[in-house]
Structures are given as structure tokens and as C-alpha cells.
Amino acid sequence: MLEGLIKDFLLELQAIGRSTKTVEAYKYHLEKFARFCEESGCDFRTINGKESRAFRNWLVELGLKPASVNAAIAATKSFYDFLVEEEEVKGNPIVSRRLRVAEEKGLPGFLTKAEEKKVLAHLANLPCHIGLAFKTMLVSGLRVSEAAALKTEDVLVQQGGVFLAVKHGKGDKGRLVPVTNRDVARELLAFAQKKAQGDKLFGVTDSTLKWYAQAIRQATGVDFHSHRCRHTLATRLLAQGVPIDVVQMVLGHQNINTTRRYAKTAPEKLCRLAAKVE
């Protein structure tokens, strides 16, 4: 019965327009909840606060990172909200604020100039479309999934500037993203003009780009992953004095507090505030 209700919930998520990746994430987390119920002998219809804490502790014992534990708790809470609406249970036993695991709030890891130089040098040795994909992420702040999903017609010129139309960002939201480097902008335009309308711009999946990111890390010795491109652009824009709400729009952050974290990693901006003694 539990498995059937989970399927119904996932269908409801699809019906209200949640992205495929979001639905897959909920499925992944709720499979863990179903496994917990089976192993512990808990009836999902009568779970209480003590048993919900047991579920949280079970997730921790699996060795999951705090962020993954909290994501599983959030997914289960949403599932119970659905069960309450469907009158399958009388109340929601998952109280997120009591069950959340403390997460380390490390600062976003931007690339130093030396690291960026090494990465860019290595990109020249990769297939043209792969190198261009990473350069695009570095100067636009796109997520790897957003870069992989770009199509030829998503490269736009508006008022003399080159933009990328992200149609399905995080939360399935679209946005227009500026390409902040002139050379990469020109390269993108020339590259897109050689491809047919409707074609995927870079012709690869996000999994392929993640594989290349790992290869870059091994070849350069730089702790490189695609999200560091995003961190680097955000830090650079804030250091240049770009307003934080503009950086928020570029990155597609729903909450501006997420963007504010990058302000703590803008050393050049801080250095300009210090009085010069020479």
C-alpha cells in the first residue's frame, strides 16, 4: 500500500509541473523511507514523533551527509502533506525543524586565479564543444544541467549583448543569463551558427560534463567540479561591485540569502577597503 501511495504522490508532482529531476529526487528519498518502514516494522499510517526521530537516526546511520538526511526528511514531510490531503492519515508526523541535522556551512569554493589558469589551459586540450561548455559555465554561472540542456536557439543577442535562455532552471524556472566574457560570447555565437535549430548546443548530457570535470581534476590537480565555475562567477561579480540582487538574478537563486554567502568570499572587494600604507 505504501509503495502505491508513493507512486500516486510522484504522479501528483508531475501533474503540478515539478521537473523530472525533482520527481526522481523525491522517489529516491521516499524509497529510503519505505525501506525504513519495512526494516523497522513501522506502520506508516501510525508513525509518531519517536518513530520519526528513529527514521532520522536511521538515515544518519546509513552514512548519509547531513544535507542528504535533511533532504530525505523534507521529501517525507511533503509526502505526508499529500497523505493528509488524501485523508490517508490524520496528521503529519514529520516536523522538519525538530528533525533537521546540523549542516556545516562552508563558504562556496571559487577558483583562484592560478587554479583557473590551469583549468583553462587544460580545456584547450579537450574537444571543442566540451571546452566551450565549461568556459560558458565559468562566465555565465550556469548549473551543469542547465548548460547541457541548452539548444542552439537559446543563444540570443539582445541590445548588442549575448545571453543564454535557460528554460528549465532549478524549480523549473526560466531566466535570461548574460555571457560576461566577450571572447566566449563570440565563440558561442559562431558555434551556434554552425548547428541546426533545435539541436542541443553542446550535444552532451550533464553526466558527460561531470565525467569530464573529473578528468580535468585528475589532469590538473585542481579540485575542480562544474559547480566551482558557478561559485567563481558569483564571487567575481560581487568583487566587481555588481549589486547582489543582480547576481541573484544571474544565478537564479530563489532566496537572496543564498547569494549573500558569496559576498563572504570576495577577497578583492575586501582588499579595496583596506587603507594603503605604501
Side-chain angles (χ1 to χ4, degrees), residues 10 13-27 111 116 119-120 122-216 224-234 236-237 242 246-254 258-259:
L10 297 176
L13 292 178
Q14 291 175 339
I16 63 177
R18 293 297 184 93
S19 69
T20 301
K21 288 205 169 187
T22 297
V23 175
E24 288 175 352
Y26 274 93
K27 181 175 183 291
L111 292 168
E116 184 179 354
V119 169
L120 289 174
H122 185 71
L123 293 183
N125 301 322
L126 299 180
C128 174
H129 64 294
I130 299 297
L132 182 56
F134 283 110
K135 285 188 287 185
T136 299
M137 285 186 275
L138 188 58
V139 301
S140 67
L142 294 188
R143 300 176 177 92
V144 64
S145 58
E146 294 170 345
L150 287 175
K151 293 187 176 180
T152 304
E153 59 268 26
D154 294 332
V155 183
L156 308 172
V157 178
Q158 293 193 4
Q159 298 181 7
V162 177
F163 294 83
L164 299 171
V166 175
K167 296 173 181 174
H168 300 284
K170 192 171 183 179
D172 211 27
K173 294 182 178 179
R175 69 187 191 279
L176 201 60
V177 180
V179 179
T180 63
N181 179 279
R182 183 180 298 175
D183 291 336
V184 176
R186 288 173 173 168
E187 190 175 352
L188 271 171
L189 280 175
F191 184 76
Q193 288 171 358
K194 296 177 182 177
K195 306 198 72 173
Q197 291 288 302
D199 284 354
K200 291 185 70 173
L201 182 62
F202 299 119
V204 294
T205 64
D206 55 348
S207 296
T208 299
L209 291 175
K210 289 176 182 177
W211 183 89
Y212 272 103
Q214 183 177 5
I216 293 169
F224 180 80
H225 50 81
S226 56
H227 222 61
R228 287 195 76 186
C229 296
R230 184 171 167 83
H231 297 329
T232 301
L233 179 72
R236 179 178 296 142
L237 292 178
V242 176
V246 176
V247 179
Q248 178 189 13
M249 287 189 289
V250 171
L251 299 180
H253 287 155
Q254 184 173 1
T258 305
T259 317

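Everything quoted here is computed from the prediction, not taken from an experiment. Side-chain atoms are counted along with the backbone in the values below, which use heavy atoms only and exclude waters and symmetry mates.
Scanning for side-chain contact (heavy atoms from CB on, under 4.5 Å) contacts around Gln158 gives Leu156, Phe163, Leu176, with sequence neighbours left out. With sequence neighbours left out, the side chain to side chain donor-acceptor pair (under 3.5 Å) criterion links Asn181 to no other residue. By the side chain to side chain donor-acceptor pair (under 3.5 Å) test, Thr152 pairs with no residue at all, sequence neighbours left out.
Going from atom CH2 of Trp211 over to atom OG1 of Thr205 covers 12.0 Å, rounded to the nearest 0.5 Å. One finds the NE2 atom of His227 at 6.5 Å from the CZ atom of Arg143 (value rounded to the nearest 0.5 Å). Annotation: the span from Ser140 atom OG to Leu188 atom CG amounts to 8.0 Å, rounded to 0.5 Å. Rounding to the nearest 0.5 Å places OG1 of Thr232 at 11.5 Å from CE of Met137. Once rounded to the nearest 0.5 Å, the distance linking CD of Glu187 with CG of Leu132 reads 4.5 Å. The distance from the NZ atom of Lys195 to the CD atom of Glu153 is 11.0 Å, given to the nearest 0.5 Å.
Residues Leu120 and Glu116 meet the side-chain proximity criterion, which asks for heavy atoms closer than 4.5 Å. At a threshold of 4.5 Å between non-hydrogen side-chain atoms, the residues Val204 and Tyr212 do not count as touching. Side chains of Thr22 and Leu13 form no contact here, defined as non-hydrogen atoms less than 4.5 Å apart. Side-chain atoms of His122 and Phe224, non-hydrogen and from C-beta on, never get closer than 4.5 Å to each other. In this structure the side chain of Leu201 never reaches within 4.5 angstrom of the side chain of Thr136, judged on heavy atoms. At a threshold of 4.5 Å between non-hydrogen side-chain atoms, the residues Thr20 and Val23 do not count as touching. Contact of the Asp154 side chain with the Leu164 side chain is not registered, since no non-hydrogen atoms from C-beta on lie closer than 4.5 Å. Residues Leu233 and Leu138 are not in side-chain contact: their nearest non-hydrogen atoms beyond the backbone lie 4.5 Å or more apart.
Other residues, nucleotides and ligands contribute only 12 or fewer heavy atoms inside 6.0 Å of the NZ atom of Lys27.
The heavy-atom pair separating His129 from Phe202 by the smallest distance is CD2-O, 3.1 Å. Contact record, Ser226 with Ala213: N-CB, 4.2 Å, taken as the closest heavy-atom pair. Gly131 and Leu123 make their closest contact through O-CD1, 3.9 Å (heavy atoms, listed as atom of the first residue, atom of the second, distance).
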- request: Take Phe134 and Ile216 through the test side chain to side chain contact (heavy atoms under 4.5 Å, CB included) and record every step on the way to the result.
  value: CA-CA 11 Å; Phe134 283 110; Ile216 293 169; 3.9 Å; yes
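Each of Arg175, Arg230, Lys167 was evaluated against Glu146; a single residue qualifies, Arg175, per the side-chain hydrogen bond (donor to acceptor under 3.5 Å, both in side chains) test.
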